[in-house]
Amino acid sequence: MAEVKEFTLPDLGEGLTEAEVVRWLVEVGEVVAVDQPVVEVETAKAMVEVPCPYGGVVTARYGAEGEELAVGAPLLTVAVGADASAPAAAEGSGSGGADGAVAEADGADAAEDGGAGETSGAVLVGYGTGAPPARRRRVRPTPVPAAAAGQVNGVASGYGRHAVTPEVPVRAEAAEPAPGPVPVISPLVRRLARQNGVELRTLTGSGPDGLILRADVERAIGAAGAPAAAAEPSAAAASAPAADAGEVRIPLRGLRGVVADKMSRSRREIPEATCWVDVDATELLAARRAMNAAGGPDAPKISLLALLARICTAALARYPELNARVDTEAREIVRLERVHVGFAAQTDRGLVVPVVRDAHARSAESLSEELGRLTGAARDGSLTPGELTGSTFTLNNYGVFGVDGSTPIINHPEAAMLGVGRIVPKPWVYEGGLAVRQVTQLSLTFDHRVCDGGVAGGFLRYVADCVEQPAVLLRGV
């Protein structure tokens with residue numbers, strides 16, 4: 001006998017509490033293997049493919065594409081066991097949509113031994129390689145007679161495998177509600193019904209196996225003439241002005257919401273200051289060409305961003321005050337021994353900051369290789385949450401946008417960020433004469449709590465000297 005197991009959205013780490021369903025990778029009725037990715041979700045930090053720890057037949061999916069689910073909310077159910085591949089197992093549950101059904105095989109409450117199917121080897125918080133996790137028991141709702149459900153388009157809309165979804169849920173005419181469990185999963189649906197005086201037992205659910213969905217309750221409220229109340233009303237929503245005809249409102253959620261919160265916190269907590277300098281980068285470009293030529297045609301090329309990152313790590317070794325953060329509760333400056341360089345990357349999802357771990361211990365070639373890998377992962381959305389957190393200093397090359405200067409917001413809780421403008425030919429005084437040189441502007445935004453202008457100026461001047469004369473770096477090699 002097959003056992004139906006419920007797979008919930010796992011804890012994806014880094015304190016994330018919710019994720020948005022981007023794309024389902026499996027369909028209801030499809031056979032999945034242990035640890036096979038079943039859904040692609042977008043967290044506030046990255047796109048993640050979530051593997052299922054069970055092998056069997058998918059009997060239901062939860063959440064439509066574009067819907068946000070909380071950690072611990074059901075993702076899908078899988079029929080595991082000898083009968084899992086039977087066609088009836090797939091047909092017994094409804095199609096995947098915004099709400100799914102938790103189908104429960106007969107006698108599943110007795111299947112508590114770990115021998116029904118394979119177990120996962122994937123390390124997911126809340127799952128893993130041990131015994132199967134405890135499972136909430138779902139009880140099939142009692143079928144509503146076809147006479148009470150009524151007719152829809154000439155077809156009875158009763159409960160069953162091939163039930164037809166009704167346009168409007170019909171309230172039963174019985175004086176007393178039918179006994180037995182109410183086929184409702186979502187606590188929000190229950191709250192909405194309770195707030196509007198809707199008796200759930202009198203409704204015929206339009207979900208798979210008669211599951212009562214939020215839409216069913218809202219239709220019942222509308223049919224009764226009662227105002228449809230939101231499941232979580234807020235004072236802000238009640239007082240929000242009505243949108244004009246030409247307005248477009250974009251919710252601050254997901255990555256955009258996290259960026260907004262982090263930038264606001266940075267400006268609220270960090271007293272930042274900015275200093276800048278124009279720099280002749282002609283010699284740095286020449287040094288890069290020489291490095292790449294020496295490596296041969298098949299050797300990986302060293303990027304300009306890698307050279308700038310290497311210069312920054314050398315500058316932070318001289319000015320460790322800027323590789324720090326402020327503990328506001330303890331009123332302490334925390335200096336950090338290891339340098340993890342973040343770099344701003346604009347992607348289709350928005351601005352992200354991938355992190356090069358232990359950048360101070362890497363050569364220019366190693367930095368270039370890691371920067372290239374992280375940039376590719378950022379573009380295709382495959383960065384993990386761990387690759388987007390933990391930076392101690394950020395390098396921002398906004399010159400790729402064709403601009404000369406900027407006063408960027410510090411990546412909280414760091415203490416400094418170096419910005420690099422575009423490199424363009426400009427007239428420049430060189431060796432006593434006027435020449436056309438490749439010039440850029442460097443800007444340093446720093447937390448004035450961790451240091452004063454002398455330290456910030458010294459750091460920026462050292463970076464500028466290394467850009468103008470790369471041989472300066474040899475003194476520290």
Side-chain angles (χ1 to χ4, degrees), residues 14-18 43-46 234-236 239-240 248-277 308 312 315-316 319-336 339-347 349-355 378 383 385 387-421 441-457 459-460 463:
E14 303 295 338
L16 301 173
T17 59
E18 59 186 14
T43 69
K45 297 182 181 295
S234 64
S239 60
V248 176
R249 290 178 175 260
I250 302 173
L252 280 174
R253 66 181 187 183
L255 177 62
R256 175 52 54 190
V258 169
V259 170
D261 293 341
K262 196 164 188 177
M263 296 300 183
S264 298
R265 183 179 182 184
S266 180
R267 273 290 165 89
R268 186 170 58 249
E269 293 185 7
I270 299 177
E272 60 189 28
T274 303
C275 52
W276 57 89
V277 63
L308 292 171
C312 285
L316 289 172
Y319 299 92
E321 297 91 336
L322 293 174
N323 192 54
R325 59 181 174 83
V326 175
D327 187 337
T328 54
E329 293 185 1
R331 293 183 61 82
E332 295 175 340
I333 296 173
V334 182
R335 291 189 184 175
L336 307 169
V339 179
H340 305 313
V341 174
F343 62 99
Q346 191 69 40
T347 70
R349 298 178 60 234
L351 180 67
V352 296
V353 183
V355 182
L383 286 170
E387 292 171 330
L388 289 165
T389 54
S391 57
T392 64
F393 181 89
T394 295
L395 182 59
N396 189 356
N397 182 20
Y398 45 74
V400 296
F401 302 118
V403 298
D404 295 324
S406 173
T407 55
I409 299 175
I410 293 176
N411 186 23
H412 185 278
E414 297 171 18
M417 175 186 293
L418 180 73
V420 183
Q441 184 182 91
L442 304 177
S443 63
L444 177 71
T445 300
F446 64 97
D447 186 341
H448 223 314
R449 296 173 297 179
V450 303
C451 69
D452 296 323
V455 171
F459 175 92
L460 185 59
V463 171

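Quick caveat: nothing in here was measured; it's all calculated off a predicted structure.
- Nearest heavy-atom pair across Ala315 and Val463 is CB-CG2, 3.7 Å.
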*Would Thr328 and Arg449 satisfy side chain to side chain contact (heavy atoms under 4.5 Å, CB included), going step by step from the backbone distance to the final call?*
CA-CA 11 Å; Thr328 54; Arg449 296 173 297 179; 3.7 Å; yes

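- Remark: Asp447 CG to Ile270 CD1 distance equals 5.0 Å, nearest 0.5 Å.
- Leu444 CG to Leu460 CG: the interatomic distance, rounded to the nearest 0.5 Å, is 5.5 Å.
- Here CZ of Arg268 is found 8.5 Å from CG of Asp261. Values are rounded to the nearest 0.5 Å.
- A heavy-atom distance below 4.5 Å is not found between the side chains of Val355 and Leu388.
- Closest heavy-atom contact between Ala415 and Leu322: CB-O, 3.8 Å.
- Phe343 is linked by a ring pair (Phe, Tyr, Trp, His ring centres under 6.0 Å) to nothing, counting only residues two or more places apart in sequence or in another chain.
- Between Leu316 and Phe459, the closest side-chain pair of non-hydrogen atoms falls below 4.5 Å.
- The OG1 atom of Thr392 lies 3.5 Å from the CG atom of Asn323; values are rounded to the nearest 0.5 Å.
- Note that SG of Cys451 and CD1 of Ile333 are 8.5 Å apart. Values are rounded to the nearest 0.5 Å.
- In terms of heavy atoms, Ile409 sits closest to Ser266 at CG2-OG, 3.4 Å.
- To the nearest 0.5 Å, atom CG of residue Asn411 and atom OG1 of residue Thr445 are 12.0 Å apart.
- With contacts defined as side-chain heavy-atom distances shorter than 4.5 Å, the pair Lys262/Val353 does not qualify.
- Across all their heavy atoms, Arg267 and Glu272 have their closest contact at NE-OE2, 2.6 Å.
- Residue pairs meeting the side-chain hydrogen bond (donor to acceptor under 3.5 Å, both in side chains) criterion with at least one member in residues 399-410, sequence neighbours excluded, are Asp404-Arg422.
- Under the side-chain contact (heavy atoms from CB on, under 4.5 Å) rule, Leu308 has a single partner from Asn397, Leu418, Leu395, which is Leu395.
- Across all non-hydrogen atoms, the minimal contact from Pro354 to Ala378 is CG-CB, 4.3 Å.
- Between Arg335 and Ala324, the shortest heavy-atom distance links the atoms CA-CB, 4.0 Å.
- Residue Arg325 qualifies as open at atom CZ: its count of foreign heavy atoms under 6.0 Å is 12 or below.
- Contacts classified as salt bridge (charged side-chain N to carboxylate O under 4.0 Å, His left out) and involving residues 407-418 (residues at least two apart or in different chains) are not found.
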